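Worksheet: the structure to be examined is printed underneath.
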Protein chains: 2
Amino acid sequence: MENVKVLIVDDEPNIRDLLSTSLRFAGFSVHAVGNGADAVNAAEKGAPDIILLDVMLPDMNGFSVTKKIRSMGINAPVLFLTARDETADKVTGLTVGGDDYMTKPFSLDEIVARINAILRRTKQVETEDSILEVGEIKINQDAHEVFANGQPVDLSPTEYKLLRFLMSNPNRVLTKAQILDHVWEYDFNGEMGIVESYVSYLRKKLDPITSEPLIQTKRGVGYMYKSSKSSN
Amino acid sequence: MENVKVLIVDDEPNIRDLLSTSLRFAGFSVHAVGNGADAVNAAEKGAPDIILLDVMLPDMNGFSVTKKIRSMGINAPVLFLTARDETADKVTGLTVGGDDYMTKPFSLDEIVARINAILRRTKQVETEDSILEVGEIKINQDAHEVFANGQPVDLSPTEYKLLRFLMSNPNRVLTKAQILDHVWEYDFNGEMGIVESYVSYLRKKLDPITSEPLIQTKRGVGYMYKSSKSSN
DNA sequence: CCCATTCCTGAGAATGGGCTGAACGCTTAC
DNA sequence: GTAAGCGTTCAGCCCATTCTCAGGAATGGG
């Protein structure tokens, strides 16, 4: 997934910054604009591989932007961002042709996962595999299935997201704050104790199946998913 | 089904975009125009394998377009698109040759299925098989017949379409929004609860016959049709 | 060895997703 | 005209999931 270009369109600067920073860190090449007119412009000149498009924009709505872009012969898939309460009525027709949508507030890890899923489906660029396998755990991201040493493991959505985030950063300590920022929605208002709870849930389900505990506690720092191959 | 060229003729830009996007993603090579004159032109130069033709066009009606095209020696089959209320009188005599018709509004999955059926019948190009068999379920798309472990299953049209869509994406989680966008008509304005209802109907009919439940619920994500071949 | 800090984990309350039976209107078949 | 089938909505139920909290365990500095 070299040099994948993402165009972000959202009128809220906070969201723009959040997404820009996060996606840039995830290895994407990012360009962000704040309204529909700029979006059309940037789509034409920037030739993005995927577009993150807020449905509610000050000048024109996301659908008009899409239409305009499509009529210019640009077929980059679109990941629509919609407020939670407008999903019911506005979502119809959004998931056509490789497109997808997410409701705000979202989690950063989920956004990255969705982008990769879309790029995988549309095959416009080479990207990561649908299978994420680190050590004894294997995740099938299409089926949302998890296997530990070949045995299926039943995980709740949050457990799944947490495990995926840990596994995509193997042998690297992640602070609870980092985990909270990536796995939980950006407006989550609770305490970090919830990370401890969910790590506990995961361990209870995974440790009986694996040969050794895979999620290690780094006291005073955070957690680390250990993959056998490496380091001290 | 490599490089099948589809010519779309419809004066409503929304429909044009919807069809273009969807068919392009389904693997077709698409060209779209908005009136009869352009259609004749494009048919001559583009040598399409199949034509999607709206019956009501601003300049000339779909039949005149067909006549003109045929007189030029172009024999590509035509799939007419008609409004629901003009079916009775105008449709007569349409399905001669390899032609067919659909009423608006249609569902995207249905359009793709019809196109494949026509191409199959006219044998102008290699295309998908008429039999769709995944796991214990077999669908004969020509006859609209469904068998579970050899036993015939009686399904309503919507049940059939839903099952076909699920089966054409085995071992992959489909969100309710995706299902709604592909199985239901594009102007459907209702809630996603209807997907739950129809999944329930399907399960009630299929599960007693199959060895295990085939449609799995991925809570908080969507549904998945499971084919035994995977796992491990 | 003691203590403070950090972490673990079970219990419980609140939430909300998903399932299903029932009801309604619409169309089609007889 | 009547009955049957179908599509759609809805409400009530069930239960998985989320999140908080608090007591107890583990850790490591002194």
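Here is how names work: the chains are called A, B, and so on, in the same order as the sequence lines, proteins then strands, and each is numbered from 1. This one's a predicted model, so the numbers in the text were calculated from it and none came from an experiment.
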Minimum heavy-atom separation for B:K104 and B:L81, please, with both atom names.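 Scanning both residues completely, I find the closest heavy atoms to be CE-CB, 4.0 Å.
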What about B:R219, does its side chain sit under 3.5 Å from the base of C:dG17 through a donor-acceptor pair?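 A donor-acceptor contact between them is present.
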Taking only the side-chain heavy atoms of [X] (C-beta and beyond), determine which of [options] contains the nearest atom.
X: B:E196; options: C:dC19, C:dC7, D:dT9; value: C:dC19
X: A:I194; options: C:dC7, C:dC19, D:dT20; value: D:dT20
X: A:T158; options: C:dC7, C:dG21, D:dT18; value: D:dT18

Over 12 non-hydrogen atoms of neighbours within 6.0 angstrom of CD in A:Q216: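 More than 12 within 6.0 Å, yes.
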For A:F188, does the CZ atom have more than 12 heavy-atom neighbours from other residues, nucleotides or ligands under 6.0 Å away?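 Correct, the count exceeds 12.
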Rounded interatomic separation in angstrom, taking [atom1] from [X] and [atom2] from [N]:
X: B:N189; N: D:dG7; atom1: CG; atom2: P; result: 18 Å
X: A:K218; N: C:dC7; atom1: NZ; atom2: P; result: 13 Å
X: A:D154; N: D:dA16; atom1: CG; atom2: P; result: 10 Å
X: B:L155; N: D:dG5; atom1: CG; atom2: C1'; result: 14 Å
X: A:Q216; N: C:dC8; atom1: CD; atom2: C1'; result: 16 Å
X: B:Y198; N: D:dG5; atom1: OH; atom2: C1'; result: 10 Å
X: B:L174; N: C:dG18; atom1: CG; atom2: P; result: 14 Å
X: A:M192; N: C:dT9; atom1: CE; atom2: C1'; result: 19 Å

At less than 4.0 Å, is any side-chain N or O atom of [X] found next to OP1 or OP2 of [N]? Yes or no.
X: B:K176; N: C:dG17; value: no
X: B:S200; N: C:dG18; value: no
X: B:Y160; N: D:dC6; value: no
X: B:W184; N: D:dT8; value: yes
X: A:S197; N: D:dC19; value: no
X: B:S156; N: D:dG5; value: no

Watson-Crick or G-U wobble partner for C:dC7, using a 3.5 Å limit on both distances?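 Pairing partner: D:dG24.
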Earlier contact from the 5' end, DNA chain D, for B:E185 and A:K205: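 Its nearest nucleotide lies further toward 5', so the answer is B:E185.
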Parallel, tilted or perpendicular: rings of A:Y160 and A:H144 (30°, 60°):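 Rings of A:H144 and A:Y160: parallel, under 30°.
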Distance alone, cut at 3.5 Å: any donor-acceptor contact between the side chains of A:S20 and A:D17?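 The answer is no; no qualifying pair exists.
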Touch check for A:F188, heavy atoms < 4.0 angstrom, all strands: base, sugar-phosphate only, or nothing?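 Sugar-phosphate contact only.
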Taking the six-membered ring for Trp, are A:W184 and A:F165 ring centroids under 6.0 Å apart?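 No, ring centres 6.0 Å or more apart.
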Let me know, please, whether A:V221 or A:Y201 comes out on the 5' side of the other along DNA chain C by nearest nucleotide.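 Here A:V221 is the residue nearer the 5' end.
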